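Heads up: the structure comes next, in structure tokens.
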Amino acid sequence: MNFFPKLIFSHFSRHFATLSKLPNNFTKIPSKYRPQAIRDAQQALTDYLHCTRYIPFVYAEHIAKNSFFSLSSLISGINFSTTSFNRNVLRFLRYHPINEYEFFFESIGIDYEEVGSLLPSKKFFFSEDETVLEAACALSEFGFPWNKLGKLYREEVLIFKASSKELKARLFKIKECGFSNIPIIGICLAFPYVLRGDGVNELGGEIVALLNDLKRVFWILIWGIMLKIMLMLEEVLVRKIEYFSRFLVPKEDIGMLILRNPEILDSDLETPMISVMGMLKHFRLSVKKRNSIAKEYPYVLGRNKMTNLPNVMRALNLHKWFFDRIKNGNHRLLANYTLKDDEDLDKGFQDSLEKIQFSRTPVHTMEKLIFLHRVGFGENSLTMKVLAHVHGTGSELQERFDSLLGLGFEFSKLCRIVHMTPKVLNQCPETVERKVNFLRHEMGVSLDYLDIFPAFLCFNLEKRIKPRYRIHKWLTENGLCTRNYSIASIVATGEKSFIARLGRIHPDALNKWFENFSYKESDNSSQD
């Protein structure tokens with residue numbers, strides 16, 4: 001059974017449950033053909049009511065589509081055929097007229113088991129008394145749902161004794177009270193006596209009082225809904241502005257993007273998963289550039305969430321290019337991007353993720369992983385290696401990362417530093433700031449130097465960096481050392497090798513070191 005018949009039969013199966021027993025002949029129709037049998041019978045009944053009984057097509061169709069049990073009873077006496085059932089039903093109707101009121105009452109929403117008690121005596125066809133049908137047609141024309149008219153009939157049968165002209169006049173009088181069609185329909189379904197009226201031209205004092213009260217309530221509701229919608233729109237707008245702001249572009253550009261393409265507000269830019277390389281390909285980045293990125297930024301590749309996309313692009317140093325692509329007519333590429341089921345799945349990452357779930361601290365570890373994804377690290381094995389070396393909560397790691405950005409680190413370069421030397425994030429912001437200030441102001445070196453020696457930030461400032469740099473500075477200023485040692489060589493060399501080097505530079509260097517510069521603690525305390 002294909003999808004469409006399944007859908008139809010699922011719809012009708014709800015009706016089956018409400019009736020204890022369907023006609024035997026109907027249940028004999030193989031289940032896979034029952035949706036077809038119903039469709040064919042509905043079409044035949046529509047044609048019959050319209051072409052033979054002269055009921056307007058739209059109302060004939062309403063009756064046929066909404067009278068399941070009456071229709072089931074009808075076709076129980078007709079042999080089913082997959083090729084000619086529609087014709088068989090039409091032929092049957094020509095020689096076996098139906099009680100049109102029975103089908104009508106069920107179609108307007110009256111329970112099938114109640115229909116028998118409502119059938120008019122000695123009347124079989126609408127042509128014998130068209131008042132009920134004309135009333136239903138007038139209400140349907142106004143906008144009332146056809147299968148909800150039964151509620152009006154059960155509670156105020158007099159509505160269906162009025163002519164279509166009288167009903168239209170009453171509805172017009174209600175409109176004059178300041179309501180449009182949809183609110184009127186809601187009012188009448190909630191208070192059916194409103195349509196009963198006290199005459200064609202008057203609504204009656206009680207009804208007018210009710211309408212006045214409802215009008216006040218509607219205005220309150222309307223303003224409440226409008227305010228809620230405005231607040232929701234404002235919230236959505238703020239979220240979208242914040243999202244695009246993370247591409248580090250001018251607010252004016254973001255405003256123009258949203259103003260020219262308001263459909264962006266409907267786009268889900270938070271929950272979908274993306275493939276970083278897949279997204280770059282989707283936005284038509286050249287193969288050559290993508291290959292270069294794969295070599296230069298392997299820790300960013302893999303999957304990530306759409307909400308992290310701005311920082312992913314910043315980690316790749318492509319944020320301005322990416323936003324320009326969006327701004328210059330490619331905004332729809334964000335909305336229509338889809339991730340294939342098996343695209344960019346990293347087995348190493350998945351295996352490590354499974355181990356986290358069974359570790360002693362899965363929640364704590366996942367918070368750290370979420371932080372790494374948030375700043376641009378993808379779902380890959382390299383990210384898991386970084387994860388193993390960073391300590392602290394997710395919020396603490398974010399604070400430390402943000403403080404480094406505040407010191408002047410470029411986002412992309414900082415991500416590379418974290419990839420190369422994860423322990424950079426294991427220190428409090430104040431400690432790192434003192435090291436950066438020493439590097440810049442006393443050593444006279446820019447932050448760019450950390451691109452090649454990020455481990456500088458992991459060494460203890462007071463116990464390692466300051467004394468070693470200052471002894472070298474003293475040697476140079478006093479003409480005792482002519483060789484220009486790199487900062488990495490000065491700081492990273494082991495304690496024994498460093499002391500041996502000082503001895504080779506000049507005999508007095510060792511005495512000066514131990515008397516004035518050495519911190520006199522073991523090498524184990526040299527990192528912080």
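Everything quoted here is computed from the prediction, not taken from an experiment.
D451 places no side-chain N or O within 3.5 Å of a backbone atom of L414 that could act as its donor or acceptor partner. No donor-acceptor pair under 3.5 Å is formed between the side chain of T383 and the backbone N or O of E379. Proximity of a side-chain donor or acceptor of S412 to a complementary backbone N or O of A315 within less than 3.5 Å is detected. Judged purely by atom type and a 3.5 angstrom limit, N478 has no side-chain atom pairing as donor or acceptor with the backbone of L480. At least one donor-acceptor pair closer than 3.5 Å links the side chain of S486 to the backbone N or O of S489. The main-chain N or O of L301 is found under 3.5 Å from a side-chain atom of N380 such that the two form a donor-acceptor pair. Checking side-chain atoms of H506 against main-chain N and O of L502 turns up no donor-acceptor pair under 3.5 Å. With R246 contributing its side chain and I241 its backbone, the two residues share no donor-acceptor pair below 3.5 Å. Under the 3.5 Å distance criterion, the side-chain polar atoms of N330 are left unmatched by any main-chain donor or acceptor of L333.
Residues L269 and L334 are in side-chain contact: their nearest non-hydrogen atoms beyond the backbone lie under 4.5 Å apart. Under the 4.5 Å side-chain criterion, counting only non-hydrogen atoms from C-beta, R154 is in contact with I110. L404 has its side chain within reach of V424: a pair of non-hydrogen atoms, C-beta onward, lies under 4.5 Å apart. Contact annotation: the side chain of W513 never approaches that of R470 to less than 4.5 Å [non-hydrogen atoms, C-beta and beyond]. Residues F401 and V390 fail the side-chain proximity criterion, which asks for heavy atoms closer than 4.5 Å. Between L237 and L265 the shortest side-chain heavy-atom distance falls below 4.5 Å. Contact annotation: the side chain of F68 never approaches that of Y112 to less than 4.5 Å [non-hydrogen atoms, C-beta and beyond]. Within the 4.5 Å cutoff, the side chain of V312 has no heavy atoms near those of the L318 side chain.
Residue Q427 is tested with E433, R400, K435 for a side chain to side chain donor-acceptor pair (under 3.5 Å); the sole match is K435.
Shown here for L280 and M313, the closest heavy-atom pair between the two residues is CD2-CE, 3.6 Å. For L475 against A509, the heavy-atom pair with the smallest separation is CD2-CB, 3.7 Å. Of all the heavy atoms in I417 and F409, the pair that sits closest is CD1-CE2, 3.7 Å. The minimum heavy-atom distance linking K368 with G392 is given by the pair CD-O, 3.2 Å. Contact record, I184 with F179: CG1-CB, 3.5 Å, taken as the closest heavy-atom pair. The heavy-atom pair separating F459 from A492 by the smallest distance is CZ-CA, 3.9 Å.
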Worked check of salt bridge (Lys or Arg N to Asp or Glu O under 4.0 Å) between E430 and R434: CA-CA 6 Å; E430 294 77 13; R434 286 195 294 271; over 6 Å; no

Candidate pair N304 and M273, rule side chain to side chain contact (heavy atoms under 4.5 Å, CB included), full reasoning: CA-CA 6 Å; N304 212 319; M273 292 296 294; 5.7 Å; no

Full working for side chain to side chain contact (heavy atoms under 4.5 Å, CB included) between E367 and I370: CA-CA 5 Å; E367 284 181 356; I370 289 170; 5.5 Å; no

Candidate pair I465 and L439, rule side chain to side chain contact (heavy atoms under 4.5 Å, CB included), full reasoning: CA-CA 9 Å; I465 298 173; L439 178 74; over 6 Å; no

Worked verdict on V276 versus Y297 for side chain to side chain contact (heavy atoms under 4.5 Å, CB included): CA-CA 11 Å; V276 174; Y297 305 99; over 6 Å; no

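Interatomic distance, L211 CG to F191 CZ, rounded to the nearest 0.5 Å: 9.5 Å. Separation of atoms NZ (K512) and CD1 (I471) is listed at 7.5 Å; rounding is to 0.5 Å. Atom NE2 of residue H419 and atom CG of residue L372 lie 12.5 Å apart, to the nearest 0.5 angstrom. In this structure, R374 CZ and L397 CG are separated by 9.0 Å, a value rounded to the nearest 0.5 Å.
Side-chain contact annotation: N328 with D324, donor-acceptor N/O pair under 3.5 Å absent. Under 3.5 Å, the side chains of N147 and K65 contain no donor-acceptor pair of N or O atoms. Side chains of E396 and H391: no donor on one and acceptor on the other come within 3.5 Å. No hydrogens or angles considered: nothing links the side chains of N308 and H373 as a donor-acceptor pair under 3.5 Å. Side-chain contact annotation: T493 with R468, donor-acceptor N/O pair under 3.5 Å absent. Looking only at atom types and distance, the side chain of T393 has a donor-acceptor partner in the side chain of S395 under 3.5 Å away. Side-chain contact, S275 with D344: a donor N or O sits under 3.5 Å from an acceptor N or O. Of the N and O atoms on the side chains of D346 and Q350, not one donor lies less than 3.5 Å from an acceptor on the other residue.
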Taking only distance into account, with no hydrogens and no angle test, what donor-acceptor pairs under 3.5 Å do side-chain atoms of residues 283-293 form with protein atoms, sequence neighbours excluded?
unit_1	atom_1	unit_2	atom_2	d
S286	OG	K289	N	3.1
R290	NH1	L285	O	2.5
N291	ND2	V287	O	3.3

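For an aromatic pair to be called close, the ring centres must be under 6.0 Å apart, and F244 with H319 fails this.
By the side-chain contact (heavy atoms from CB on, under 4.5 Å) test, S403 is found to be paired with P429, residues two or more places apart in sequence or in another chain being considered. Contacts of L231 classified as side-chain contact (heavy atoms from CB on, under 4.5 Å), with partners at least two apart in sequence or in another chain: L227, E234.
In this structure, R416 pairs ionically with E296, as a charged nitrogen and a carboxylate oxygen lie closer than 4.0 Å. For D253 and K327, the salt-bridge test passes: some basic side-chain N is under 4.0 Å from an acidic carboxylate O. Ion pairing between a basic and an acidic side chain is recognised when a charged N comes within 4.0 Å of a carboxylate O; E263 and R332 show such pairing. Ion pair D351/K347 flagged as a salt bridge, since at least one NZ, NE, NH1 or NH2 atom sits closer than 4.0 Å to an Asp/Glu carboxylate oxygen. Using a cutoff of 4.0 Å between basic side-chain nitrogens and carboxylate oxygens, R239 and E270 are scored as salt-bridged.
Residue E354 qualifies as open at atom CD: its count of foreign heavy atoms under 6.0 Å is 12 or below. D266 CG: more than 12 foreign heavy atoms inside a 6.0 Å radius. For NZ of K240, the number of neighbouring non-hydrogen atoms (other residues, nucleotides, ligands) closer than 6.0 Å is greater than 12. More than 12 heavy atoms of other residues, nucleotides or ligands shown are found within 6.0 angstrom of NZ on K413. Within a 6.0 Å radius of NE2 in H364, more than 12 heavy atoms belonging to other residues, nucleotides or ligands are found.
Aromatic ring pairs are classed by plane angle as parallel below 30°, tilted from 30° to 60° and perpendicular above 60°; the pair H282 and Y337 is perpendicular. Under the 30°/60° scheme for interplanar angles, the aromatic rings of F247 and F323 are found to be tilted. Between F456 and F453, the angle of the ring planes goes over 60°, which puts this pair in the perpendicular group of the 30/60° scheme.
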